[in-house]
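Accompanying notes for the structure given below.
Counting starts at 1 for both ligands and their atoms, following the listed order. For the numbers below, each heavy atom of this structure counts, side chains included, while hydrogens, waters and symmetry mates do not.
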Amino acid sequence: MEKKHKQVVMRVSNQASREVDGVGDDADRAGNKHSTQGNNGSEKKVIVVFVLGGPGSGKGTQCANIVKNFGFTHLSAGDLLRAEISSGSENGWKGKEAINKIPKIEFASIVFFSTMIQNMIKEGKIVPSEVTVKLLQRAMKESGNNKFLIDGFPRNEENRAAFEEVTKIVPEFVLFFDCPEEEMERRLLSRNQGRVDDNVETIRKRFKVFIESSIPVIEHYGSKGKVHKVNAARPVEEVFETVKEIFSPYGANVYLNSFQHLNSLVRYPHGHYLDLRDDRSFRVELRMSNESMTMDHAVVFINPTILWPVSALIPQTQNISLAAAASVLCPNFTNRCLQTPPLFVLF
Ligand SMILES: Nc1ncnc2c1ncn2[C@@H]1O[C@H](COP(=O)(O)OP(=O)(O)O)[C@@H](O)[C@H]1O
Ligand SMILES: Nc1ccn([C@@H]2O[C@H](COP(=O)(O)OP(=O)(O)O)[C@@H](O)[C@H]2O)c(=O)n1
């Protein structure tokens, strides 16, 4: 499977899945009728940000930074389509025994769809919305999160209308990475991810499709005052400085210098960072701000009476960031802590 970025591994608990399935009716700031429900009965608004820009403008790169800093789930339409191609071919080529287990019609449609998607990507064409919207909707449900960056979508008017029609979600805003073609072409030719479409011929076709089909979508949202245009022809860090300002109202992380501060935050929860489930449990993501740490994206259950294992794992000098999203399991650690039932849960 071709992957642009190391994906954040999501742990989807039954609880989390139920939350995203629980679509409510509260209209919100973005006009959405879509929300999720926490187990304390509070409605959680679903926030969708569409991330658009030409191929190679740096959408995926910046999304990875937004995820780390603001607790969004990154859904790349292109990555989901590529994953669908590989799962289709896995289903198709696991051998005769596996093939025989798949009903004929289903098997034919799996092979048909993955071949169709593959061919369209090779040609730089836009895959029918029916496929892409279904993949996005499924990934949103499975994530357990309520804040999404939808990268590379909607690519055309059909994508846009289908998404709004099926999900009833209106995006909070559109993040548009503006970059000259020469720069995008240079970046794509040195991306080196073995993608079938990162060759001069397909890149030019993708630029054409972007101008003809995607720019009108950006203009559509622009006319509603929903577009944040970012000059993407700058170094990654500089682009991210601008992006950070745009996202600051959406749950900037809290940086803590010691575990004591974490403790006080838990006692005095801030809406964005700590999600009060009942009087004994909280759900937050605990992440090291230092990317090189192996504890990055750990799911941690902490009992205040056994705080020492946590402080042993997290050097006091490290900054710790908290965001309202679930992530990877850290099994040894959780087993150890769960020997005593947790008073609250850092999740
Ligand atoms: N601001 C930047 N300056 C230089 N190179 C960048 C920048 N942003 C991303 N890149 C590189 O350009 C390539 C394309 O970036 P990527 O994030 O995959 O773009 P997109 O998702 O828009 O297609 C990658 O190899 C990435 O490392
Ligand atoms: N909404 C989308 C997004 C991607 N795609 C397909 O996936 C390809 C790669 O998209 P991508 O977003 O991963 O990559 P970039 O072209 O932005 O680098 C596109 O050229 C389309 O063929 C699509 O059909 N519909």
If you measure from each non-hydrogen atom of [X] to ligand 2, which part falls under 4.0 Å: side chain, backbone, both or neither?
X	value
Asp197	side chain
Asp151	neither
Arg195	side chain
Lys125	backbone

Please determine if [X] has a nitrogen or oxygen closer than 3.5 Å to a nitrogen or oxygen of ligand 1.
X	result
Arg191	yes
Val239	no
Leu188	no
Thr61	yes
Glu183	no

Evaluation steps, side chain to side chain contact (heavy atoms under 4.5 Å, CB included), between Val46 and Met140: CA-CA 10 Å; Val46 172; Met140 286 171 80; 4.3 Å; yes
N-O pairing of [X] and [Y] below 4.0 Å:
X	Y	answer
Glu172	Lys147	no
Glu130	Lys134	no
Asp197	Lys125	no
Glu241	Arg234	no
Arg186	Glu182	no
Arg204	Glu181	no

Identify, by atom number and element, the atoms of ligand 1 in contact range of [X], meaning under 4.0 Å from any of its heavy atoms.
X	value
Gly58	8 (N), 9 (C), 15 (O), 16 (P), 17 (O), 19 (O), 20 (P), 22 (O)
Arg234	1 (N), 2 (C), 3 (N)
Pro235	1 (N)

Would you call Glu238 a ligand 1 contact, heavy-atom distance under 4.0 Å?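 No, Glu238 has no heavy atom closer than 4.0 Å to ligand 1.
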Which of parallel (below 30°), tilted (30 to 60°) and perpendicular (above 60°) describes Phe173 and Phe247?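 Phe173 vs Phe247 ring planes: perpendicular.
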Is there a polar contact between ligand 2 and [X], counting only N or O atoms under 3.5 Å apart?
X	answer
Asp79	no
Arg155	yes
Val127	yes
Gly152	yes

Would you mind telling me if ligand 1 is within reach of the side chain of Ala233, the backbone, both or neither, using heavy atoms under 4.0 Å? neither
Counting heavy atoms under 4.0 Å, the part of Gln62 that contacts ligand 1 is neither
Using atom types as modelled and distance alone, determine if a side-chain donor or acceptor of Thr202 lies under 3.5 Å from a backbone N or O of Gly124.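 No; zero donor-acceptor contacts below 3.5 Å.
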Proximity flag Arg191 to ligand 2, non-hydrogen atoms under 4.0 Å: yes
Atom 3 (N) of ligand 1: of Arg206, Arg187, Gln193, the nearest heavy atom sits on Arg187
